[in-house]
**Student:** 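After the structure tokens below, expect a handful of questions from me.
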Amino acid sequence: MKQHLVIFDTTLRDGEQSPGASMTKEEKIRVARQLEKMRVDVIEAGFAAASPGDFDSIHSIAQAIKDSTVCSLARANENDIRRAGEAIKPAKSGRIHTFIATSPIHMEKKLRMTPDQVVEQAVKAIGWARQYTDDIEFSAEDAGRSEIDFLCRIFEEVIKAGATTINVPDTVGYNIPQQYADTIRQLIERVPNSDTVVWSVHCHNDLGLAVANSLAAVMAGARQVECTINGLGERAGNASLEEIVMAVRTRSDVFPVETRVETTQIVPASKLVSQITGYPVQPNKAVVGANAFAHESGIHQDGVLKHRETYEIMRAQDVGWTQNKLVLGKHSGRNAFKTRLSELGIELDSDEALNAAFARFKELADKKHEIFDEDLHALVSDEVVTPDQEHYKLVYSQVCSETGELPFAKVILNVGGVEKKGEAGGGGPVDATFKAIESIVGSGAELLLYSVNAITTGTDAQGEVTTRLAKGERIVNGNGADTDIVIASARSYLNALNKLHSSRDKVKAQGDV
């Protein structure tokens, strides 16, 4: 009988630490609900001590989620752990995930602590966490570069203290599969009472080996994998949830484990995270890329037509790829619209939000002959904004662009309830629009990225625009979609400005798993 492999999703914590990937509380709740629908075992909802906003998001997710464990990260100090404990208090099932660095370079250069002090602090941390929950995970930060004897020592002590999950993170993506698997195997063999805890792995992708390392560790005895949707994460990212889950499922002849993940929810989750964070999925990305199940070679096409398994090891529909499209027009009813949103896993919090989204749908139906599922995801993403977050709102836009003349834009914005006008010229219609907005806002932000993607096919397709703005140490992504690319650009820019306006800076952590 196969053993259960715990899927620990850290999209909302480690994934959000990607530059510009910060999410609002409402966006985090949407992602958490999708993860719950996908039947992820553990959702790491954030880092409670990082900011009041992070605490509030974790607390709200803990209230909303019933079928997955909700977890908060905490450094091995009393304040962090108490904040994490309070944040997860409403959860039906809550976990505290505490960590401290264990590699020589981290202990000496960053923590400035002796190995004895690190062990003592780790044990104290478990004691504080036990005041809030019996589900406690301990991570040895930079375990991939730590000495095996010291790992055995600290893991033995935290298990005695009450840790129930032991995580061995390859924090800087330094390990290779055979080496990493050997480390996991040795730890399980050498640490007393190793059979009383779940052994976990958290791999970063700096050398492109995060998934390979994670799977090698599973073969060596690990029974929890920490991963993210689309492999999102700091630097080169984390192990990709969809690749881990589908590898275990597809190669059930090799892996002695199975997950409880509802795989048909993988693609919807991928699209949702991509749209919210502004990080597009590369077309050749395994499992969730647009070309993952595409065949152009004549030999491949011929083989697939004769027998799918000749060139496909998975079925597209098993991971959530569908050809469904919503063929509704301006005369379609609200109930049909709401029903399709529900089928897509989109839940709106109020009748007011549903009415606003339905009004946008009708506007879009006047512009497009066919409306696809991707259009609905983009449409609802635009709607999930609370009034206090929408300090800047586009009221009117006019752009003039003609051959031989400098493009010119006029805009009217609602700024905190007051309408203001602005105008400017620019190198192109989008540049002029952004400058016109800045003539009103004067944000002083730097534009780091401007990206346009067609959501669907056809000349009437909506364009989805991502803008990335930086101001001080703050980096945010904005998103906007419309059949008019200039309007989509303006919405994206204002979405980013609203995030800058409402965001609170996070305190810097000592480290990260």
Side-chain angles (χ1 to χ4, degrees), residues 10 14 17 47 49 73-78 80-81 97-129 136-161 163 165-194 197 199-210 212-214 216-217 220-222 224 226 233-239 507-513:
T10 184
D14 204 328
Q17 292 174 196
F47 195 156
L73 186 69
R75 291 166 294 189
N77 67 57
E78 186 171 5
D80 271 29
I81 289 172
H97 178 191
T98 186
F99 71 95
I100 194 167
T102 55
S103 65
I105 188 171
H106 275 238
M107 289 190 289
E108 178 185 351
K109 302 297 183 182
K110 184 185 70 173
L111 298 180
R112 302 187 188 282
M113 295 170 68
T114 66
D116 288 347
Q117 289 173 323
V118 169
V119 173
E120 181 183 1
Q121 191 67 23
V123 170
K124 285 181 179 179
I126 303 301
W128 292 318
I136 302 164
E137 177 171 340
F138 174 77
S139 285
E141 185 189 5
D142 203 21
R145 294 189 296 175
S146 298
E147 296 172 350
I148 189 77
D149 290 345
F150 183 64
L151 287 177
C152 289
R153 176 188 170 194
I154 195 169
F155 288 153
E156 178 180 359
E157 294 304 317
V158 295
I159 291 172
K160 287 180 183 177
T165 298
I166 300 297
N167 186 37
V168 189
D170 184 20
T171 305
V172 294
Y174 182 69
N175 285 196
I176 59 174
Q178 183 176 353
Q179 171 199 7
Y180 193 56
D182 186 57
T183 297
I184 299 298
R185 192 175 293 110
Q186 283 195 58
L187 289 170
I188 294 174
E189 290 173 354
R190 293 176 55 183
V191 174
N193 295 323
S194 65
V197 297
W199 289 86
S200 174
V201 290
H202 177 120
C203 298
H204 280 262
N205 205 39
D206 298 71
L207 293 176
L209 295 171
N213 282 333
S214 299
Q224 175 177 286
E226 306 193 1
E234 286 195 280
R235 304 185 314 276
N238 290 352
V507 299
K508 292 183 178 179
Q510 289 180 328
D512 178 24
V513 294

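Since we're looking at a predicted model, the values are computed, not measured.
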**Student:** For the CD1 atom on I105, are there more than 12 heavy atoms of other groups (residues, nucleotides or ligands in this structure) within a distance under 6.0 Å?
**Tutor:** no
**Student:** Just checking, is any N or O donor in the side chain of H204 or D170 under 3.5 Å from an acceptor N or O on the other one?
**Tutor:**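 No donor-acceptor contact under 3.5 Å links the two side chains.
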**Student:** Between Q186 and D182, is there a side-chain donor-acceptor contact under 3.5 Å, judged purely by atom types and distance?
**Tutor:** yes
**Student:** How far apart are the closest heavy atoms of S214 and C203, and which atoms are they?
**Tutor:**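 What the structure gives for the nearest pair is OG-SG, 3.5 Å.
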**Student:** So, are R75 and E141 salt-bridged, with charged N and O less than 4.0 Å apart?
**Tutor:** no
**Student:** Going by the side-chain hydrogen bond (donor to acceptor under 3.5 Å, both in side chains) test, name the single residue among D14, N205, T10 that passes it with N238.
**Tutor:** D14
**Student:** Checking side chain to side chain contact (heavy atoms under 4.5 Å, CB included) between V191 and each of I166, I159, I154, which is the one that passes?
**Tutor:**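 Single pass found, and it is I159.
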**Student:** Does R153 form a salt bridge (Lys or Arg N to Asp or Glu O under 4.0 Å) with E156? I'd like the steps, not just the answer.
**Tutor:** CA-CA 5 Å; R153 176 188 170 194; E156 178 180 359; over 6 Å; no
**Student:** Using a distance-only test with no angle check, is there a side-chain donor-acceptor pair under 3.5 angstrom linking E226 and S200?
**Tutor:** yes
**Student:** Is it true that a side-chain atom of D80 and a backbone atom of A49 form a donor plus acceptor pair closer than 3.5 Å?
**Tutor:**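 Judged by distance alone, no pair lies under 3.5 Å.
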**Student:** Between S139 and F99 (side chain of the first, backbone of the second, donor and acceptor by atom type, cut-off under 3.5 Å), is there such a pair?
**Tutor:**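 Side chain of S139 to backbone of F99, a donor-acceptor pair under 3.5 Å: no, none is there.
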**Student:** Using a strict threshold of under 4.0 Å (side-chain N to carboxylate O), is an ion pair present between R190 and D149?
**Tutor:** yes
